[in-house]
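All remarks here apply to the structure that follows.
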Amino acid sequence: MVPEKFLKAYNPASTEGRIYKKWEESGFFNPDALPGKRPKPFTIIMPPPNVTGVLHMGHALMLTIEDVLIRFKRMRGFKALWLPGTDHAAIATQARVEKNLSKEEKKSRFDLGREEFLRRVEAFAAQSHDSIVNQVRAMGASCDWSREAYTLDERRHHAVYTVFKMMYDDGLIYRGNRIVNWDPKGGTTISDDEIVYEERAAKFVTFKYSKEFPIPVATTRLETKVGDTAVAVHPDDARYKKYIGKEYDLVFCEVPLHVRVVGDSAVDPSFGTGAVGVTPAHSQTDAEIALRHDLPSIQVIDERARMIPEGLLRGKKVLEAREMIYEWLKKEELLLGEEEIKQSVATAERTGSVIEPLPKLQWWIGVDRPIKARGGKTLKELMRAPVEEGTIEILPDHFKKVYYHWIDNLRDWCISRQIWYGHRIPVWYRGEEIYCAAEAPKGGGWEQDSDTLDTWFSSGLWTFSTLGWPEKTKDLELYHPTDVLETGYDILFFWVARMILMSEYTLGEIPFRAVYLHGMVRDGKGQKMSKSIGNILDPIHVAEEFGADAARMALVVGNTPGTDFRISNDKIRSYKLFSNKLWNIARFLLEQADGLKLEAPLSEKDAEYLSQFKALAEDITLDIDAFRLHLASEKLYQYLWSVFASDILEESKPVLKGEDPTLRTSRQAMLFRIFSDSLKLLHPFMPFVSEEIWESMPEGIKTEKLLMVEPWPI
RNA sequence: GCGCGCUUAGCUCAGUUGGUAGAGCAACCCGUUUACACCGGGUAGGUCGCAGGUUCGAGUCCUGCAGCGCGCACCA
């Protein structure tokens, strides 16, 4: 009666691969193949992992939460679609390949040329993709592989070009020469959101340009001062008022400067000397002052972060130039003072390089431009409205405020990148002519823009590009808007906001109804997991050692949305023990299954046990519906171990061995009914062990081929 | 500077709408005639950061304060 496998302890390693194969072969990951009518769809589009390497715990958390929701809804009778994919992660992937190239072959991408380099990146991406997809499977993710998408494949390419052209024609995408965030190491511009601010010590130096120049200024970036074209003071500042409008010709560290004194109310008279040396080419705020006063802009730092002006400084690195000018000021007795201050320095997220603000001709998306097709609303307004109106729910709720705060401070989005891996900008040039389309216009001589698009541009389309847009597909009609977008709070701006922007602009509808933001996964000591600390828990190793089920439970129990949380081997081990506990409960019950009649009348006590369980099942159902997975999973654990196994089973032993056959059949029925329904409740959280036990449940309990498609007990 | 969050047992954290403080791990004691030692039974441990307020009643709501963390902005 008891299958032999139950005589040994539960072994996830030898079970999980086999079970996953069974699921995959059933075809039930594809909602079209699910049994029953299923009028209502339920959709989650998977946040695509970058094809830059391996899955980490954050991915494992994402996969677990989404799989719990999808399995739950599938059992609840929904047409449940979970669409998987991967992200080409333009800069990140290119940087990886460039690093390998320089390490292994001592070559740069320019040595290989665009075509050959792209071939290398694609080979790397393909390899990385395969290993990632296998890791996703190992976590038990029940996603529909037949619909798998890539942010850089043909269909997504089509979607990207279509949206670009729409925005170009609507005047939202424009080309502008402005100050950009230049990453000298990556050799590309980056968006404001890709900047990481680092606190560093800096020397705040007060000086005069020359003996004759009447106004002292202060700066931490002496090297930019050779690009100054004005000094700005507050228009009401009694000290400097008299100089406003005067112009000076002077030579600063061998560089001739023409400096005008302007009055501008953006200047804070109480900060520094109350006067600003205006460098329009290398500072955002200075460029704004320059615009107001029609000042010239002189670029003095190049794309490799080296000095441009002729003379002493030419070709020197920025930091060297800073030091040289400092020494020069000292020598010329122009140095008036210095102070050590703390300063937050802009660095590039991917390369860690210090950002050089430079003037460059780039492509931008205007976030404050009225859109005719959307009733004159701006992109900012389109992003804000659905969250304000509550058509998009954000969990936890307080992230709404963070979201609004970000929108309020948002500036135009720089979308062009000087890298090669990505969607190439669909714009063609011939002399002064510009043409926006996927293909070059007829007639020769057209050259395509050499830049590619910010990776988040294609990610922004993800909810509908994956469903086939711009074609009018059935999938799009049925599954969009999607139901839940589940991701880490760290990409609320990068991604969530841009999906709302793109969906509202392109389709005029929300991309998803709810946003579930999970926290960051940290190690047992609360440290961020990183390679250099060596505290990374690889979800795949964890799954091999303890089982994916154990990893999933450890990731879900007690983990509330929006809050960082810690995971350790100890925690995961405790849920491996739980898998084994379930295994042994099953073994015990199967030993007692002789003469089982599921519909036998229940004694008063057994009816009481059953109704207690029903109440719990209802409670757990409400919890999952309200995204309280941390509570649902803990309640199940608690009930099965402390109530069902420790109390009910122990109390049942004498009844099952006893003389009274009525009590015995009643008890049997109650135990099997509770346990089999428990397996259903548990399935979303621990799909492997529940499915494996389910396989051995007696006839009469199973109504479908697999537990994964059994109807939910409530 | 603007904003957001956290502070509950030794550690990590739950605590859904206000109704007698919870779990896991760790600790200590006992138990090996069996569903499970990947186990069972038991013990100990908290004035819920501080100060006020609302309430019949506050870990939960309000105000203020402190410590910690995070985001955004500024950074001449």
Side-chain angles (χ1 to χ4, degrees), chain A residues 2 6-11 192-193 195 197 199-200 202 204-206 216-221 224-225 228 231-233 266-269 271-279 283-286 289 341-346 396-411 489-490 492-493 519-520 522 524-526 546 550 553-554 557-560 562-571 573-592 619 622-623 626-628 630-635 637-638 641-642 645-646 649-650 652-653 656:
Chain A
V2 184
F6 284 100
L7 298 180
K8 288 186 206 150
Y10 176 62
N11 182 354
D192 295 344
D193 295 292
I195 290 176
Y197 289 93
E199 190 111 308
R200 290 188 189 176
F204 189 49
V205 180
T206 306
V217 294
T219 184
T220 55
R221 297 207 56 196
T224 64
K225 296 296 102 184
D228 284 9
V231 164
V233 299
V267 178
D268 175 0
F271 187 87
T273 64
V276 182
V278 181
T279 324
S283 154
Q284 185 72 45
T285 44
D286 289 8
I289 294 175
I341 60 160
K342 273 195 174 169
Q343 176 182 237
S344 54
V345 177
D397 191 63
H398 70 255
F399 271 99
K400 275 183 192 167
K401 287 183 192 164
V402 180
Y403 179 74
Y404 299 143
H405 192 247
W406 175 79
I407 292 178
D408 292 341
N409 286 301
L410 187 64
R411 290 183 296 191
Y489 66 71
D490 56 331
L492 177 63
F493 310 140
M520 302 297 109
R522 294 164 184 282
K525 291 177 194 154
F546 304 108
M553 281 295 274
V557 175
N559 185 1
T560 47
T563 308
D564 294 353
F565 96 122
R566 307 179 181 198
I567 192 159
S568 59
N569 273 328
D570 277 350
K571 195 167 180 180
R573 188 176 296 113
S574 69
Y575 294 105
K576 188 199 171 180
L577 302 184
F578 182 51
S579 307
N580 197 50
K581 189 76 184 176
L582 296 167
W583 192 246
N584 282 299
I585 292 171
R587 173 175 164 185
F588 175 77
L589 286 185
L590 290 171
E591 280 169 0
Q592 311 296 329
D619 201 21
L622 287 175
D623 281 338
F627 301 108
R628 295 188 294 261
H630 62 293
L631 288 186
S633 51
E634 192 170 355
K635 283 173 187 170
Y637 177 89
Q638 232 16 66
W641 199 312
S642 308
S646 297
L649 241 47
E650 290 305 323
S652 295
K653 283 174 184 174
L656 292 166

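To find a chain, count down the sequence lines: A is the first, B the second, and so on, and within it residues start at 1.
Among B:A14, B:C75, B:C13, the nucleotide with an atom closest to any side-chain atom of A:Tyr197 is B:C75. With distances taken from any side-chain atom of A:Lys576 to the nucleotides B:A35, B:C38, B:A14, the minimum falls on B:C38. Residue A:Val402 has its side chain nearest to B:G71 when only B:C25, B:G71, B:C36 are considered. Here B:G71 is the nucleotide among B:G24, B:G41, B:G71 with the atom lying nearest to any side-chain atom of A:His405. Distance from the side chain of A:Asp623 is smallest to B:U16 among B:A35, B:U16, B:C72. The side chain of A:Ser344 sits closest to B:C74 out of B:C13, B:C4, B:C74. For A:Ala645, counting side-chain heavy atoms from C-beta on, the closest listed nucleotide (B:A23, B:C38, B:A35) is B:A35. Checking B:C4, B:C39, B:A35 against the side-chain heavy atoms of A:Leu577 singles out B:C39 as nearest. With B:C75, B:A35, B:G24 as the candidates, the nucleotide lying closest to the side chain of A:Leu649 is B:A35. Of all nucleotides listed (B:U16, B:G24, B:A35), B:U16 comes nearest to the side chain of A:Leu631.
An OP1 or OP2 oxygen of B:C38 is reached within less than 4.0 angstrom by no side-chain nitrogen or oxygen of A:Arg573. Between A:Ser568 and the phosphate of B:U12, there is no side-chain N or O to OP1/OP2 separation shorter than 4.0 Å. Within the 4.0 Å cut-off from OP1 or OP2 of B:A23, not a single side-chain nitrogen or oxygen of A:Lys635 is found. Distances shown here put a side-chain N or O of A:Trp641 below 4.0 Å from the OP1 or OP2 atom of B:G40.
One can place CG of A:Asp619 at 14 Å from P of B:U17, the figure rounded to the nearest angstrom. In this structure, the CZ atom of A:Arg522 is 11 Å from the P atom of B:G69, given to the nearest Å. One can place OH of A:Tyr489 at 15 Å from C1' of B:G3, the figure rounded to the nearest angstrom. For A:Arg566 and B:G69, the CZ to P distance is 13 Å, given to the nearest whole Å.
The nucleotide B:U63 finds its pairing partner in B:A51, both defining distances of the Watson-Crick or G-U wobble pair being shorter than 3.5 Å. Figure legend. B:A44 is base-paired to no nucleotide; pairs are counted as Watson-Crick or G-U wobble with both atom distances under 3.5 Å. The pairing partner recorded for B:A35 is none, the criterion being a Watson-Crick or G-U wobble arrangement whose two distances lie under 3.5 angstrom. Base pairing annotation: B:G57 forms no Watson-Crick or G-U wobble pair, as no partner gives both donor-acceptor distances under 3.5 Å. When both pairing distances are held under 3.5 Å, B:C75 makes no Watson-Crick or G-U pair with any nucleotide shown. With both pairing distances under 3.5 Å, B:G69 is matched to B:C4 as a Watson-Crick or G-U wobble pair. Pairing for B:A21 is absent, judged as Watson-Crick or G-U wobble with the two contacts each under 3.5 Å.
Taking atom C1' on both B:G59 and B:G46, the two are 11 Å apart, rounded to the nearest angstrom. Spacing between B:U60 and B:G24 at atom P, rounded to whole Å, works out to 25 Å. When the P atom is compared between B:G64 and B:C28, the two are found 47 Å apart, to the nearest whole Å. With P as the reference atom, B:C62 and B:U16 are 14 Å apart, rounded to whole Å. If you take atom C1' in B:U12 and the same atom in B:A26, they sit 11 Å apart, rounded to whole Å. B:C48 sits 11 Å from B:A21 when the P atoms are compared, rounded to a whole Å. Spacing between B:C6 and B:U17 at atom P, rounded to whole Å, works out to 13 Å. Rounded to the nearest Å, the gap between the C1' atom of B:A9 and that of B:A44 is 10 Å.
Residues A:Asp623 and A:Lys635 share a closest heavy-atom pair of OD2-NZ, 2.7 Å. Nearest heavy-atom pair across A:Arg411 and A:Gln284 is NH1-CG, 3.3 Å.
Here A:Phe204 lies in heavy-atom contact (under 4.0 Å) with sugar-phosphate atoms only. Across all strands, A:Leu589 comes closer than 4.0 Å to no nucleic acid atom at all (heavy-atom distances). Nucleic acid contact class of A:Gln592 (heavy atoms, under 4.0 Å, all strands): none. Among the atoms of the strands shown, only primed sugar atoms or phosphate atoms (P, OP1, OP2) are found under 4.0 Å from some heavy atom of A:Phe493. Across all strands, A:Ala232 comes closer than 4.0 Å to no nucleic acid atom at all (heavy-atom distances). When heavy atoms are screened at a 4.0 angstrom cut-off, A:Asn559 is found touching no nucleic acid atom at all. A:Asp286 comes within contact range of no nucleotide atom at all, as no heavy-atom separation falls under 4.0 Å. Contacts of A:Lys581 with the nucleic acid, taken as non-hydrogen atoms under 4.0 Å apart, include base atoms. Residue contacts for A:Gly558: at a heavy-atom cut-off of 4.0 Å it reaches the sugar-phosphate backbone alone, with no base atom in range. Across all strands, A:Val267 comes closer than 4.0 Å to base atoms (heavy-atom distances). At a threshold of 4.0 angstrom between heavy atoms, the contacts of A:Thr220 are confined to the sugar-phosphate backbone, with no base atom among them. Residue contacts shown for A:Gln343 include a base, since a base heavy atom lies under 4.0 Å away. Looking at heavy-atom distances under 4.0 Å, A:Thr560 makes contact with sugar-phosphate atoms alone, never a base. Among the heavy atoms of the strands, none lies under 4.0 Å from A:Ala586.
Residue-to-nucleotide proximity on RNA chain B shows that, of A:Asn584 and A:Val557, the 5′-proximal contact is made by A:Val557. Residue whose closest nucleotide on RNA chain B sits further toward the 5' end, between A:Arg587 and A:Phe271: A:Arg587.
A:Tyr637 and A:Trp641 have tilted rings, their planes meeting at an angle from 30° to 60° on a 0 to 90° scale. Between A:Phe399 and A:Tyr489, the angle of the ring planes stays under 30°, which puts this pair in the parallel group of the 30/60° scheme. Using bins of under 30°, 30° to 60° and over 60° for the plane-to-plane angle, the ring pair A:Trp406/A:Phe493 lands in the parallel bin.
Looking at heavy atoms from C-beta onward, A:Val278 lies out of side-chain contact with A:Asp228 at the 4.5 angstrom threshold. Side-chain contact check for A:Leu589 versus A:Leu649: some heavy-atom pair is nearer than 4.5 Å.
For A:Arg628 and B:U16, a side-chain-to-base donor-acceptor distance below 3.5 Å is present, hydrogens and geometry of angles not being considered. In terms of polar N and O atoms assigned as donor or acceptor, the side chain of A:Gln284 never comes within less than 3.5 Å of the base of B:A73 in a complementary pairing. In terms of polar N and O atoms assigned as donor or acceptor, the side chain of A:Lys571 never comes within less than 3.5 Å of the base of B:C25 in a complementary pairing.
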Decide yes or no on side chain to side chain contact (heavy atoms under 4.5 Å, CB included) for A:Phe565 and A:Lys571, but give the supporting numbers first.
CA-CA 12 Å; A:Phe565 96 122; A:Lys571 195 167 180 180; 3.6 Å; yes
Stepwise, does the side chain to side chain contact (heavy atoms under 4.5 Å, CB included) test hold for A:Arg587 with A:Asn584?
CA-CA 5 Å; A:Arg587 173 175 164 185; A:Asn584 282 299; 3.9 Å; yes
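Using a distance-only test at 3.5 Å, with no hydrogens or angles considered, no donor-acceptor pair links the side chain of A:Asn580 to the main chain of A:Lys576.
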